[in-house]
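Reviewing the structure listed below.
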Amino acid sequence: GQVLKGATAGVPVYFIKRDEYYDRSHLYGTPDGDYFDNIERYAFFSRAVLEVLRSRSFEPDIIHCNDWQTGLIPAYLKDTYKNDLYFASTSTVFTVHNLAYQGLFPSDLVDLTGLSPELFTPAGLEFWGNVNFLKSGLVYSDIITTVSEAYSREIQTPEYGWGLDGVLRGRKHDLYGIINGVDYDEWDPKTDSLIPATYSAEDLLGKAECKKELLKEFGLKLKNGAPLLGIISRLADQKGLDILSEALPALMKLNLALVIIGTGDRKYRVELEELERRYPEKLSVKMVFDKRLSHLVEAGSDIFLMPSKYEPCGLNQIYSLKYGTVPLVRATGGLDDTVRDYKGGAGNGFKFRDYTPEALVAKVKEAVKVFKDKEAWEKLQRAGMKEDFSWESSAARYIELYDRCLKTRQQGLKNTQPNAPARTRSSQKPPEKP
């Protein structure tokens, strides 16, 4: 392998180059499934990260790992490098972006990691007979974070824990939720070069032009005074496509139209194509992910739908707030943290709790009713546009955690043994593939 160096905003970035592992058309697998050698690809990457640090004489205070692809790094530091003075002062922070994706591999491949066999136990890497890279990060890191406060609580329950809720409850004192920040340099209707007209909370006129262009782009016509709903989503169960597809016939009876862009499960592609044929004047779907279209949907829609079954953080509801496109979400994870349900003239969006098509339809009807009151709707839009979910506050929280890591190390209090139970009564079976 080779090490390549780049930079972003003046910060050096190192890349691990090994074409036999990484020169592929997709990151983790094809649409048909994971790559057969993922255990080798990411075990190699994790070891390479540590060896690159050594070769550059860069002694890290903290290594911040993200998701299962880097979940072995904390284990290597506690095992392979445990007597290496080079990393004697190194702590680890492990961030979970989506607990459902865990990096599970057959136990007979564990030797490919190069880790001691003693780590393959229910207290370590073993998970119902498999090697679990994500569990490695949860067990062996010093601090765990995830991408919203609500999600940090949810993943400690059987419903959202994907079989690891016991592990997470065992480490609840080291678990923190920090909402993802967004880049307002890219997502701001005042300056967005990808939309047909710019606008702001003080002057919303340009939004009407964006709506007109969005309807034209998707070939829809809409009666005056009717709302346009938008969805940008992976077409998968997690994103609420099951309750959405059941709710669509009822939604299509309302005075509204809906545009959808996204790619994903064949099941939902087929269902949406059929529904589009049934309701050609009110529903238009584009099975793509396109940057320009994404910005146009955010700017041109009146309401943005995110009926997710679970949502660790979510970004589109945050973009929508900035664009005066009122989010309508299910109250889960980061959606629950960022959207305040509209009640008595206060709030920044609409939120429902029951994961049913009926609850979704009822909340859409509620939003449509408010939409008819132009003054109330503009007040709601402006409330959302004034929200600030930039990276400044999130970065400050991470810095606090980094300081905690350093102080723990300095005081000689670093945990050397994992204290997390691998299985509890709430974790009766391994997770099904999301």
Please step through side-chain contact (heavy atoms from CB on, under 4.5 Å) for the pair E276 and S284, ending with a clear verdict. CA-CA 6 Å; E276 188 179 31; S284 183; 3.8 Å; yes
>> Walk me through whether T157 and R153 qualify under side-chain contact (heavy atoms from CB on, under 4.5 Å).
In response: CA-CA 7 Å; T157 69; R153 296 188 297 271; over 6 Å; no
- request: Tell me, with the steps shown, if L168 and L175 meet side-chain contact (heavy atoms from CB on, under 4.5 Å).
  value: CA-CA 8 Å; L168 288 156; L175 172 60; 4.2 Å; yes
Where do N180 and I318 land on the side-chain contact (heavy atoms from CB on, under 4.5 Å) test, with the steps shown first? CA-CA 10 Å; N180 278 338; I318 298 176; 5.9 Å; no
Apply the test side chain to side chain donor-acceptor pair (under 3.5 Å) to residues Y101 and Q69: give CA-CA distance (whole Å), side-chain angles for both, the deciding distance (0.1 Å), then the verdict. CA-CA 10 Å; Y101 298 91; Q69 291 84 357; over 6 Å; no
* Asked: Stepwise, does the side chain to side chain donor-acceptor pair (under 3.5 Å) test hold for T146 with H97?
  -> CA-CA 6 Å; T146 191; H97 295 265; over 6 Å; no
Item checked: side chain to side chain donor-acceptor pair (under 3.5 Å) evaluation trace for E59 with S89 -> CA-CA 8 Å; E59 298 181 25; S89 298; over 6 Å; no
message = For a side chain to side chain donor-acceptor pair (under 3.5 Å) check, start with the C-alpha distance between D388 and S390, then their side-chain angles and the critical distance, and finish with the verdict.
response = CA-CA 6 Å; D388 183 5; S390 59; 2.8 Å; yes
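With hydrogens and angles ignored, the 3.5 Å screen pairs no side-chain donor or acceptor of S141 with any backbone N or O of P74. A donor-acceptor pair under 3.5 Å is absent between the side-chain atoms of S152 and the main chain of Y176, judged by distance alone. Side chain of K282 to backbone of L254: a donor-acceptor contact under 3.5 angstrom is found. A donor-acceptor pair is defined here as one N or O able to donate and one able to accept, closer than 3.5 Å; no such pair exists between the side chain of E387 and the backbone of N348. Using modelled atom types, no side-chain atom of N130 and backbone atom of N132 make a donor-acceptor pair closer than 3.5 Å. Between the side chain of E40 and the backbone N or O of L112, no donor-acceptor pair lies under 3.5 Å. A donor-acceptor pair under 3.5 Å is formed between the side chain of Y86 and the backbone N or O of L53.
With a 6.0 Å cutoff to the six-membered ring centre and a 45° limit on the axis angle, R18 counts as a cation-pi contact of F44. Remark: R41 fails to qualify as a cation-pi partner of Y21 under the 6.0 Å distance and 45° angle criteria applied to the six-membered ring.
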Would you tabulate the side-chain donor-acceptor contacts of residues 327-337 under 3.5 Å, counting partners in other chains and residues two or more places apart, or write 'none'?
residue, atom, partner, partner atom, Å
R330, NE, R353, O, 3.0
R330, NH1, K309, O, 2.7
R330, NH2, R353, O, 3.4
T332, OG1, E154, OE1, 3.4
T332, OG1, E154, OE2, 3.2
D336, OD1, K351, NZ, 2.9
D337, OD2, E149, N, 2.9
D337, OD2, A150, N, 2.9

Using residues 203-220 as the side-chain source, report each donor-acceptor pair under 3.5 Å to any protein atom, sequence neighbours left out, with the distance given to one decimal.
residue, atom, partner, partner atom, Å
D203, OD1, L205, N, 3.2
K207, NZ, A299, O, 2.6
K207, NZ, S301, O, 2.8
K207, NZ, Y323, O, 3.3
K207, NZ, T325, OG1, 2.7
K211, NZ, A226, O, 2.9
K211, NZ, D302, OD2, 2.7
E217, OE1, R292, NH1, 3.3
E217, OE1, R292, NH2, 3.4
E217, OE2, R292, NH2, 2.9

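Atom CZ of F45 is surrounded by 12 or fewer heavy atoms from other residues, nucleotides or ligands within 6.0 Å. The number of heavy-atom neighbours closer than 6.0 Å to CD of E20, taken from other residues, nucleotides and ligands shown, is above 12. Counting heavy atoms of neighbouring residues, nucleotides and ligands inside a 6.0 Å radius, atom CZ of R277 exceeds 12 of them. Heavy atoms from other residues, nucleotides or ligands lying under 6.0 Å from NE2 of H173 number 12 at most.
Counting only residues at least two apart or in different chains, ring-ring contact (aromatic ring centres under 6.0 Å, His included) contacts with residues 357-381 comprise F371-W377. Screening residues 225-251 for salt bridge (charged side-chain N to carboxylate O under 4.0 Å, His left out), with sequence neighbours left out, gives D237-K267, K239-E311. Evaluation of the ring-ring contact (aromatic ring centres under 6.0 Å, His included) test over residues 261-296, restricted to residues two or more places apart or in two chains, returns W187-H295.
Distance check, rounded to the nearest 0.5 Å: CG of L272 to CG of D265 gives 11.0 Å. Note that OG of S46 is 10.0 Å distant from CD1 of I16, once rounded to the nearest 0.5 Å. In this structure, CD1 on I63 lies 11.0 Å from SG on C405, to the nearest 0.5 angstrom. To the nearest 0.5 Å, the span separating CG on L138 from CZ on R171 amounts to 8.0 Å. Going from atom CD1 of I303 over to atom CG of L229 covers 4.5 Å, rounded to the nearest 0.5 Å. Rounded to the nearest 0.5 Å, atoms CD1 (I144) and CG (L401) are 11.5 Å apart.
Scored by the salt bridge (charged side-chain N to carboxylate O under 4.0 Å, His left out) test, K17 finds D19 as partners (sequence neighbours excluded).
Residues A43 and F133 share a closest heavy-atom pair of N-CE2, 4.1 Å. When all heavy atoms of F94 and W68 are compared, the pair lying nearest together is CZ-N, 4.4 Å. In terms of heavy atoms, L164 sits closest to F127 at CD2-CE1, 3.6 Å. When every heavy atom of A247 is checked against every heavy atom of L360, the shortest pair comes out as CB-CD2, 3.9 Å. In this structure, V297 and G230 approach most closely via the heavy-atom pair CG1-CA, 4.1 Å.
With a 4.5 Å cut-off on side-chain heavy atoms, V326 and F350 count as touching. Contact check for V3 versus F15: no side-chain heavy atoms found under the 4.5 Å cut-off. L99 has its side chain out of reach of P312: every pair of non-hydrogen atoms, C-beta onward, lies at least 4.5 Å apart.
The one candidate from V49, T92, T113 that meets the side-chain contact (heavy atoms from CB on, under 4.5 Å) condition with Y76 is T113.
Using a cut-off of 4.0 Å between Lys/Arg side-chain N and Asp/Glu carboxylate O, D165 and K172 are scored as not salt-bridged. Residues E274 and R278 are not paired through a salt bridge, judged by the lack of any N-O separation under 4.0 Å between the basic side chain and the carboxylate. Look at K374 and E378 and you find a salt bridge, because one of the NZ, NE, NH1 or NH2 atoms lies within 4.0 Å of a carboxylate O, short of that distance. Electrostatic pairing of K190 and D188 does not count as a salt bridge here, judged by no charged N lying under 4.0 Å from a carboxylate O.
Defined by atom type and a distance below 3.5 Å, a donor-acceptor pair is missing between the side-chain atoms of R397 and Y402.
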